[in-house]
Novice: 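After the structure tokens below, expect a handful of questions from me.
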Amino acid sequence: VDVYTRLFALEGLKLDCLDNLPLTVDSYYDIILERNVDFLIIDFHLEKQVAYKGIDVLREIRKHDSTIYAVLLTDYELDDFADQFGDYDYELQKSEITSRHKDVAEKIKRACGLRKENLMYRAVEIKQQQETETIRLLQEISSKLDEKNNRGCHYGIYKKKTLGKLLKP
């Protein structure tokens, strides 16, 4: 793990490893949020330490965030098991990670850049929706005030003389 951390640091990426894995997959998304994670490199073979596999973690995270980039590490021959894994963006045999770290780092950077752009666009869309809703509410309030004011104009409040004095400079 230290080797991976140093290799990816040379490529400008920070890896944050979990020393103790959560007992269930339910806790992972909270960790993603707490640590502001942009991408995952996860070992398929977590069942050596816990009662679930890396793919189970990815599936849980994807329930909440389908845009996070995920690299799945495995010892399996990928062609034989790829259809069983699913839910990841890039698969890599553990034996290849040191020799292909630059390629993986470039894919991660590109994916993270796209993710940030998509999150920005989504934030702009949400802001526009909020502004549209605010404008609609203001128009509704204005319309109700206009109705109320128009009803008030039908009643004479001022004497003619007083009204005339108010209108003259």
Side-chain angles (χ1 to χ4, degrees), residues 1-140:
V1 175
D2 289 336
V3 172
Y4 302 159
T5 303
R6 286 193 297 257
L7 284 173
F8 282 96
L10 291 172
E11 302 304 318
L13 296 172
K14 180 184 177 214
L15 293 185
D16 194 7
C17 302
L18 293 179
D19 296 324
N20 299 313
L21 299 178
L23 295 177
T24 66
V25 295
D26 300 343
S27 306
Y28 277 92
Y29 190 64
D30 291 334
I31 294 169
I32 297 294
L33 293 176
E34 287 168 14
R35 296 185 182 196
N36 198 22
V37 173
D38 291 317
F39 66 94
L40 304 167
I41 299 178
I42 193 157
D43 190 341
F44 179 81
H45 307 284
L46 295 178
E47 74 275 6
K48 295 173 187 172
Q49 300 172 40
V50 288
Y52 51 85
K53 296 178 179 174
I55 198 67
D56 300 322
V57 173
L58 292 179
R59 287 182 180 134
E60 179 63 25
I61 291 169
R62 290 281 167 95
K63 286 180 189 176
H64 306 281
D65 184 349
S66 62
T67 66
I68 195 163
Y69 192 77
V71 176
L72 183 67
L73 297 178
T74 184
D75 286 328
Y76 292 126
E77 276 299 318
L78 300 171
D79 294 336
D80 298 336
F81 293 94
D83 60 327
Q84 294 176 25
F85 292 160
D87 290 324
Y88 60 89
D89 297 299
Y90 190 72
E91 75 280 338
L92 187 65
Q93 286 194 309
K94 289 182 199 176
S95 61
E96 297 178 332
I97 193 165
T98 53
S99 63
R100 297 190 53 206
H101 75 279
K102 287 185 180 193
D103 177 47
V104 173
E106 285 306 313
K107 290 180 185 307
I108 289 170
K109 288 177 189 177
R110 194 168 36 254
C112 289
L114 288 172
R115 182 173 191 254
K116 285 181 181 170
E117 283 181 24
N118 288 337
L119 291 173
M120 256 185 356
Y121 288 132
R122 182 65 186 135
V124 168
E125 284 177 356
I126 290 170
K127 182 85 168 146
Q128 286 175 337
Q129 289 171 350
Q130 290 171 339
E131 288 172 353
T132 300
E133 180 62 13
T134 300
I135 289 169
R136 187 192 66 74
L137 288 171
L138 289 171
Q139 287 171 335
E140 187 178 311

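Both backbone and side-chain heavy atoms feed into the values below; hydrogens, waters and symmetry mates do not.
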Novice: Compare all side-chain heavy atoms of Tyr69 with those of Asp38 and state whether any distance is below 4.5 angstrom.
Specialist: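 No. Closest side-chain heavy atoms not under 4.5 Å.
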Novice: With rounding to the nearest 0.5 angstrom, report the CG to OG1 distance, Leu13 to Thr5.
Specialist: 11.0 Å
Novice: Are the side chains of Leu73 and Ile42 in contact, using a 4.5 Å heavy-atom criterion?
Specialist: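 Heavy-atom side-chain distance check fails, nothing below 4.5 Å.
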Novice: Please round to the nearest 0.5 Å and tell me the distance separating atom NZ of Lys109 and atom CZ of Phe39.
Specialist: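 Here the interatomic distance stands at 10.0 Å.
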Novice: Can you check whether Arg62 reaches Ile68 side chain to side chain, under 4.5 Å on heavy atoms?
Specialist: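 Side-chain contact under 4.5 Å: yes.
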Novice: Can you tell me how far CD1 of Ile61 sits from OG of Ser66, rounded to the nearest 0.5 angstrom?
Specialist: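 Taking OG in Ser66 and CD1 in Ile61, the distance rounds to 12.5 Å.
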Novice: Side chains of Lys63 and Glu60: closer than 4.5 Å at any heavy-atom pair?
Specialist: yes
Novice: Identify the heavy atoms of Pro22 and Ile31 that sit nearest to each other, and give their distance.
Specialist: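 Closest pair (atom of Pro22, atom of Ile31, distance): CG-CD1, 3.7 Å.
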Novice: Could you list the residues that satisfy ring-ring contact (aromatic ring centres under 6.0 Å, His included) with Tyr52, not counting sequence neighbours?
Specialist: Tyr28
Novice: For side chain to side chain contact (heavy atoms under 4.5 Å, CB included), just list the numbers for Leu58 and Leu72, CA-CA rounded to whole Å, side-chain angles, deciding distance to a tenth of an Å, and then say yes or no.
Specialist: CA-CA 9 Å; Leu58 292 179; Leu72 183 67; 4.0 Å; yes
Novice: Would you please name every residue forming a salt bridge (charged side-chain N to carboxylate O under 4.0 Å, His left out) with Arg35, sequence neighbours left out?
Specialist: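 For Arg35, the residues satisfying salt bridge (charged side-chain N to carboxylate O under 4.0 Å, His left out) (neighbours in sequence not counted) are Asp16.
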Novice: Report the C-alpha separation of Val25 and Val50 in whole Å, then their side-chain angles, then the decisive distance to 0.1 Å, and conclude whether the side chain to side chain contact (heavy atoms under 4.5 Å, CB included) test is met.
Specialist: CA-CA 10 Å; Val25 295; Val50 288; over 6 Å; no
Novice: Once you round to the nearest 0.5 Å, how far does CD1 of Ile41 lie from SG of Cys17?
Specialist: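 The distance works out to 9.0 Å.
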Novice: Please table the atom pairs, donor to acceptor, closer than 3.5 Å between any side-chain atom in residues 127-138 and protein atoms at least two apart or in another chain.
Specialist:
| unit_1 | atom_1 | unit_2 | atom_2 | d |
| --- | --- | --- | --- | --- |
| Thr132 | OG1 | Gln128 | O | 2.8 |
| Glu133 | OE1 | Arg136 | NE | 3.1 |
| Glu133 | OE2 | Arg136 | NH2 | 2.6 |
| Thr134 | OG1 | Gln130 | O | 2.9 |
| Arg136 | NH1 | Glu140 | OE1 | 2.9 |

Novice: Using 0.5 Å steps for rounding, measure from the CG atom of Asp43 to the NZ atom of Lys53.
Specialist: 12.0 Å
Novice: Do Leu21 and Leu46 come within less than 4.5 Å of each other through their side chains, counting heavy atoms only?
Specialist: yes
Novice: Take a 6.0 Å sphere around CG of Asp26 and say whether it holds more than 12 heavy atoms from other residues, nucleotides or ligands.
Specialist: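 Correct, the count exceeds 12.
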